[in-house]
Amino acid sequence: MAKKRKNESGGANVIRIGNKTISLEGYLTKKPKKDESKNEGQLTLPTTDFRPEAGDLSSVKETVTSVDNTPPTSRKPTGDPQYFQARQALPLWSRQDDIRRILRQNDVLVLVGETGSGKSTQVPQFIIGEKWCQKKKVKVGQEEVNVGGVVAITQPRRVAATTLAHRVSREAGTPLNRLGPHSKGLVGYSVRFDHRVPPGTKIKYVTEGMLLQELLRDPHLRQYSAIIVDEIHERSVDVDLLSGFLKQIILSDKAGRGGIPLKVIIMSATANVGSIKHFFSGADSAVSDGTANPEATPMTSVEFLQIEGRQFPVEIIHTPKPVPDIQEALMKTLFKIHTEESLSDKHGKKDILAFLTGQEEIEAAQKLIEEYATTLPPKVPKIKVFPLYGQLSMEAQHEAFQPIKGSSTRKIVLATNIAETSVTVPGVRFVVDCGKAKVKQYRARLGMESLLAKPISKSSAIQRAGRAGREGPGKCFRLYTEETYETLQKTDLPEILRTDILSAILTMKARGINDVLAFPLMDPPEFEAVEKALLHLHILGAIADDGSITEVGRKMVMFPVTPPYARVLLAAADPKYDCLLEVIEIISCITAGDDIFLQIQSEETRDNIEEFRKELRRREGDLLTYLTTMQLYTAENADRVQWCKERRINTRNMKQALNIRKQLRELCVKQGMMEQPPQDPQPFYPASPEQAANILKCFLRGFAIKTALLAPDSSYVTPQGKHVVAIHPASVLHGQKKEAIMFLEHVYTQKNYAKKVSAIESLWIVEAMGG
DNA sequence: ACCGCGATG
């Protein structure tokens, strides 16, 4: 049994697990000073870490009895001494022996640790010295190859991969930013547009997409001894695919790795990992990659470890009865908090964060609050409201994070989901949760997506509540009843069940998965979604009649864009159309992020901005307008930032578009699809009507199924499903009548909207379908 | 007359 006790001789604090004694000195003496005052909700000693009740620690109990040969000296940190204290104070530090032992005995470890436990920075450093983690020379067939030696850690976002790599490289004593061009380093990273992998790298931070890309070249991931999958709870499509490929490698006979196993560490911030554990155990599903022997379906033992995080307690208050009017309930709750709760305490300011569904709701609420606030008696503290949603400019978003000037004013932040995971608003001690969020869902049958407000999941509700307990004890007011809470889904639907899986299926096909229905996935999409994707890939020419990937399909996966865009690029390289440079401009601009044209906020600037935007507009529609914008932007040599400002164009996305353009151009040159393009800036020549037609015909090769014809009643109707679509108000073609239209996006919100719309001729559709 | 949020190769 695991026991904890304090050393009474007055010296170092120790805990005793079985016959082993672990010093807790690091925790007690190296704790940051500011933590000493925080007694509520934070234990000076993370006692819960050592209690079997804290989680399923059956594996740890085993440790207790097994012999651990780790010499005590190995628990001293390696690397730069200036980081020793901070590293030893991390909740994870005392568990490193457990982690090492589990990985010696098992191929898979599921590690749950909340943000701040140190898992993303420490786990790789704990294991790179292990014997199984060293590079080995082995025979694969006739060939002598190296297997292992490197640990990869995947991240959903680029910024996380690069910042973690910088942090860990400093801890390891080989800082990335101080390495010369040829000097060695222990730590590296590889993300799109940015690679820093010094010779000698043993720890490599990568984005999930990057590792999937490596899988194309090296299906056995031979350079790696271990893959650490971080933030798996976010359940991106890429992490789901990656998990499938990793499972296949784990359960295979490892012949492609010379018999050397690949260790997998799955890391999650939420404890809800039952299905993930089950998935990797391989208990229920045989792997059908055509090589595994079905009679000897291997089983893998999956160990589990939980590290407690740090969080202040949050009191949850539900409404006693269902609220008929969210707006009214929100107002009542906000002013109840404001008038009854103190403005600050010893932990700091006590501000309010309210989760609403969208921009419209936020703007309406802001107006109401500001009106009502003027009626408050003078002795009541002032209120300042900050909206926070993604479409806001960076400066406006930034305002919501700044502490308010003057101590007699309370901040109320009205946010969308952006505040749930992407950003942290400091100073928040009260959360108001409306219980809903807008969710995007792809409907395979209709070939379109919807964006509607839906009830959130329990996991999401807990996450929202947690935002009140970051800096001190907090309260969360839910504008729904406890009964309603109980009816919520446990978790959100993973992205793979909410999105078009066209890319995912082609990704599988290109990596040797012919029977995509048998590919192991934690949450397999419905058959209809798979069927739809296969059919679509067939229309695009990416797969043959028998479902095998074609030459066209293999070319398509080379491009970092979805299959329809890749098909457009291939068409544009055809001498018949010869408009690859122009098509690259448009695709770069579209795939760089949100619409580059920002919304015009105030009426008084509207006319002015419209005047500037007029020269960008093309009567052919949005795609040619994007082309003109990119061409004029790159021709602009004086002040691009000012140029964007005058037109209210998103500068960040324009810069990203230039990155993508560079990458696509390089790929096309490498593929022999075009000559080296001339350098910027190039003089601007507007595309002729003939060129415009060619460009649109190329797009039709990728988007022939996204067209609509003008009906006698002036509505647009899709030829296949006979669905009525309306041109979105943000399109330059909004309100116009054209014989036929092509649209790249198709979203149901208030109506069935076509976005990124172009005017075409109906004959072109037949042409594009025909071949 | 519209507008959840992120991201990736």
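The basis for the numbers below is simple: all heavy atoms, side chains too, and nothing from hydrogens, waters or symmetry mates.
- Applying the salt bridge (Lys or Arg N to Asp or Glu O under 4.0 Å) rule to R464(A) yields the partners E420(A), D433(A); only residues at least two apart in sequence or on another chain are considered.
- Per the geometry, CD1 belonging to I727(A) stands 13 Å off C1' belonging to dA1(B), to the nearest Å.
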Using nucleotides 4-8 of chain B, report all nitrogen or oxygen pairs with the protein that are shorter than 3.5 Å.
from	atom 1	to	atom 2	distance (Å)
dG4(B)	OP1	K438(A)	NZ	2.1
dG4(B)	OP2	Q359(A)	N	3.0
dG4(B)	O5'	K438(A)	NZ	3.3
dG4(B)	N3	K438(A)	O	3.0
dC5(B)	OP1	G390(A)	N	2.5
dT8(B)	OP1	R158(A)	N	3.3
dT8(B)	O3'	T207(A)	OG1	3.3

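- Under the side chain to side chain donor-acceptor pair (under 3.5 Å) criterion, D351(A) pairs with no residue at all, not counting sequence neighbours.
- Counting only N and O atoms by type, the side chains of S236(A) and D238(A) include no donor and acceptor under 3.5 Å apart.
- Whole-Å rounding puts the Q750(A) CD to dA1(B) C1' distance at 10 Å.
- Straight-line distance from the CD atom of E745(A) to the C1' atom of dC2(B): 14 Å, rounded to whole Å.
- Side chain to side chain, K204(A) and Y224(A) meet the donor-acceptor criterion of an N or O pair below 3.5 Å.
- Annotation: F703(A) is not in aromatic contact with F743(A) [ring centroid separation under 6.0 Å not met].
- Rounded to whole Å, the distance from NZ on K755(A) to C1' on dA1(B) is 13 Å.
- The aromatic rings of Y626(A) and F597(A) lie parallel to each other, their planes meeting at an angle below 30°, with 60° marking the opposite boundary.
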